[in-house]
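As structure tokens, the structure follows; a few thoughts come after it.
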Amino acid sequence: MPMNQHFRIAQLLKTQPLSQTVEIRGWVRTRRDSKGFSFLEVNDGSCVANLQVIAEESLPHYEEEILRLTTGCSVRISGGLAASPAKGQAVELKAAEVEVYGWADPETYPLQKKRHSFEFLREITHLRPRTNSLGAVARLRSALSFGVHRFFQEQGFQYIHTPIITTSDCEGAGEMFTVTTLDLNNIPRKDDRPDFGKDFFGRQASLTVSGQLEAEIYCLALGSVYTFGPTFRAENSHTSRHLAEFWMIEPEMAFCDLAEDMRMAEAFIKYLVQYALDHCPEEIELFGNFVDKGLKARLAAVLAQDFARITYSEAIDRLKSCGKAFAFPVAWGTDLQSEHERYLCEEVFKRPLIVSDYPKSIKPFYMRVNDDNATVAAMDILVPGIGEIIGGSQREERCDRLISRLAELGLNQKDYEWYLDLRRYGTVPHAGFGLGFERLIQFVSGMANIREVIPFPRTPGSAAL
RNA sequence: UCCUGGGUAGCUCAGUCGGUAGAGCAGGUGACUGUUAAUCACCCUGUCGGGGGUUCGAAUCCCUCCCCGGGAGCCA
């Protein structure tokens, strides 16, 4: 029994302490009346299942209170747990006492005893976790968060808190949100531009788009590290897989090359899928039944097979020779388009796919240049239905190569001196990747829209609560 | 930002050729019932996204604005 003196329904259903007096606290999902008594379905958020409560008419306030209970009312109920005589549940609670904490006027309470569209539920951000599906997502998210930490802790990684407010731009990651305390009605200017010298930090600061560069610092001191925190992109993206605020996991490993990076990433995803199946079987069952019929088979397939692997150059050859007409032309040196990735991942390989060794011209400065001097040691992991879920690379550890890459890309070396120091002093081969946590939850749950897998989605034009 | 589909009852939607609106679910009342998406009967609910225009007459046609979904780009 937990410290707060009442049973959680999840535990109750698991242990089934028959003929004991127990007390539950939760919210009424539905009420059905029968001759002489009522059935109450109570959910306390601990699991998908409700507990069926039998409330006899002999209970005090039966007419005035119990017969008025509707979806959403909060209650405390104590009584004896008994085997249920009817099908549908193993046990039920014979109420001896029912106390109503709060009513929920059925005329105005938005949640009804029926299925709602996810679009509608998005409009009631503050009530949607009370539904079966969004509650299940919340539990899955919590479990997977813990699973992330467990994986890395088991592997000897250290958890690093990289800054949320940053003054370094992880080039190529996307548009940044500026953090400022300047008076927006009267912005000080210098040389016809805002004078960030007068701002809070004495320079322009932003919300982080990636903790990678900072994680490298600790990687090159502690060996293997990871970050897990909020990340912000000010892109005007209107899709089912982009958020302006999302959570990213970024491991960074010293003495590690791209091959090992890919092995680690594959093992990580498989670990989390297995973790979800082990710790959230009822939630996965629910998603499989109501959200995505093919979910369970797909997750099983992910665990059973190795991820497919292909280099960028091989991918280009494959796309060119497949005879399929694409809206965007296929040419070496240009980025793979969504349709190309989907074709390879969903039609050719039909499983997660790792594409590696992209042209250096389309990748950021920090990726390690391969011996061909044309490609870099980068990799993306694509999964069916979602697309890119991981992007990673071996980092350029050779100081002279890094300096020439900065110059090639027209970046100011002065801004990266600290980063270059990591190569000047005791440099080591190292690699890492970034996993979009919400995309992972989408993949594991089958939820089609990323706005359903984060409690409070932030997208262009929308930041409720 | 571009392409595309939408906005009608609390929710999900239908609405023909332009003639001021309907179903299912939810809700209310009653009946029945160890029920479990309960069942049956009856009842209630509308600024048809906003504004403008065409017309005798607009949910329907035209213009415009707002909002939402899906796709693309960008990426995780």
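The figures that follow rest on heavy atoms only: side chains count, while hydrogens, waters and symmetry mates do not.
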**Request:** May I have all residue pairs that pass salt bridge (charged side-chain N to carboxylate O under 4.0 Å, His left out) and include part of residues 452-465 of chain A, sequence neighbours excluded?
**Result:** R122(A)-E452(A), R128(A)-E452(A)
**Message:** Just verifying a value: how many Å separate I9(A) CD1 and I24(A) CD1, rounded to the nearest 0.5 Å?
**Reply:** 4.5 Å
**Message:** For C75(B) and S237(A) - does any side-chain N or O of the residue sit under 4.0 Å from the phosphate oxygens OP1/OP2?
**Reply:** no
**Prompt:** For G5(B), which nucleotide in any strand shown is its Watson-Crick or wobble partner with both distances under 3.5 Å?
**Reply:** C68(B)
**Asked** Does G88(A) or H116(A) map to a spot on RNA chain B nearer the 5' end, using the closest nucleotide for each?
**Response** H116(A)
**Asked** Counting only N and O atoms by type, is there a donor-acceptor contact under 3.5 Å from the side chain of R29(A) to the main-chain atoms of N50(A)?
**Response** no
**Message:** Only pairs with both distances under 3.5 Å count, Watson-Crick or wobble alike; so what is the partner of G19(B) in this structure?
**Reply:** C56(B)
**Request:** May I ask you to test the F228(A)-S145(A) pair for a side-chain heavy-atom distance under 4.5 Å?
**Result:** yes
**Complete:** Taking a pair to mean Watson-Crick or G-U wobble geometry with both distances below 3.5 Å, U39(B) pairs with A31(B)
**Item:** Counterpart base for C44(B), defined by Watson-Crick or G-U wobble contacts under 3.5 Å
**Value:** none
**Prompt:** Given G34(B), G10(B), C74(B), which nucleotide is nearest the side-chain atoms of K94(A)?
**Reply:** G34(B)
**Asked** Any side-chain N or O of S117(A) less than 4.0 Å from the OP1 or OP2 oxygen of C11(B)?
**Response** no
**Asked** Which residue pairs pass the ring-ring contact (aromatic ring centres under 6.0 Å, His included) test with at least one member in residues 23-48 of chain A, sequence neighbours excluded?
**Response** F37(A)-F39(A)
**Asked** Does any N or O donor sit under 3.5 Å from an N or O acceptor when you compare the side chain of E119(A) with the base of G70(B)?
**Response** no
**Message:** Let's test your reading of the model: under 3.5 Å, does the base of A76(B) pair with the side chain of R233(A) as donor and acceptor?
**Reply:** yes
**Asked** Looking only at N and O atoms, is any donor in the side chain of Q89(A) or the base of U35(B) less than 3.5 Å from an acceptor on the other one?
**Response** yes
**Request:** Sequence neighbours left out, what passes side chain to side chain donor-acceptor pair (under 3.5 Å) with S84(A)? Give chain and number order.
**Result:** Q89(A), E92(A)
**Message:** Filter on salt bridge (charged side-chain N to carboxylate O under 4.0 Å, His left out), then keep only pairs touching residues 42-57 of chain A, sequence neighbours left out; what's left?
**Reply:** R8(A)-D44(A)
Which pairs would a plain distance check flag for residues 347-357 of chain A, meaning a side-chain donor or acceptor within less than 3.5 Å of a matching protein atom at least two apart in sequence or in another chain?
from    : atom 1 : to      : atom 2 : distance (Å)
K350(A) : NZ     : E347(A) : O      : 3.0
R351(A) : NH1    : D306(A) : O      : 2.5
D357(A) : OD1    : N370(A) : ND2    : 2.9

**Request:** Only counting residues at least two apart or in another chain, list the ones meeting ring pair (Phe, Tyr, Trp, His ring centres under 6.0 Å) with Y343(A).
**Result:** F326(A)
**Asked** According to the side-chain hydrogen bond (donor to acceptor under 3.5 Å, both in side chains) rule, which pairs have a member within residues 379-390 of chain A, sequence neighbours left out?
**Response** Y358(A)-D380(A)
**Item:** Side-chain-base donor-acceptor pair under 3.5 Å for Q112(A) and G10(B)
**Value:** yes
**Prompt:** Are E266(A) and R309(A) within salt-bridge range, i.e. N to O under 4.0 Å?
**Reply:** yes
**Asked** With a cut-off of 6.0 Å (strictly less than), are more than 12 heavy atoms of other residues, nucleotides or ligands near OH of Y101(A)?
**Response** yes
Could you list the donor-acceptor pairs under 3.5 angstrom formed by side chains in residues 280-287 of chain A, with sequence neighbours left out?
from    : atom 1 : to      : atom 2 : distance (Å)
E283(A) : OE2    : R139(A) : NE     : 2.6
E285(A) : OE1    : K296(A) : NZ     : 2.7

**Request:** Using heavy atoms and a sub-4.0 Å distance, could you list which residues of residues 49-64 of chain A are near RNA chain B? By number, please.
**Result:** Q52(A), I54(A)
**Item:** Residue-level proximity of residues 456-465 of chain A to RNA chain B when a heavy atom falls under 4.0 Å
**Value:** none
**Complete:** Between the CH2 atom in W247(A) and the CD atom in E438(A), the distance rounded to the nearest 0.5 Å is 9.0 Å
**Request:** Scan nucleotides 38-44 of chain B nucleotide by nucleotide, 5' to 3', and note B when protein non-hydrogen atoms come under 4.0 Å of the base, S if they reach only the sugar-phosphate, - if neither.
**Result:** S------
**R451(A) vs G70(B): side-chain N/O to OP1/OP2 distance below 4.0 Å** = yes
**Complete:** RNA chain B nearest-nucleotide lookup for H242(A) and N449(A): closer to the 5′ end is N449(A)
**Request:** Kindly state whether the pair F39(A) / G34(B) counts as stacked, where counting means centroids closer than 5.5 Å and planes tilted less than 30° apart.
**Result:** no
**Prompt:** Going by heavy atoms closer than 4.0 Å, what residues in residues 67-86 of chain A are next to RNA chain B?
**Reply:** S84(A), P85(A), A86(A)
**Nearest-Å distance once atom C1' is located in both A37(B) and G46(B)** = 27 Å
**Request:** May I ask you to verify if any side-chain N or O of Q337(A) is less than 4.0 angstrom from the OP1 or OP2 atom of G73(B)?
**Result:** yes
**Request:** Taking all non-hydrogen atoms of both residues into account, name the closest pair between M253(A) and C219(A) and its distance.
**Result:** C-SG, 3.6 Å
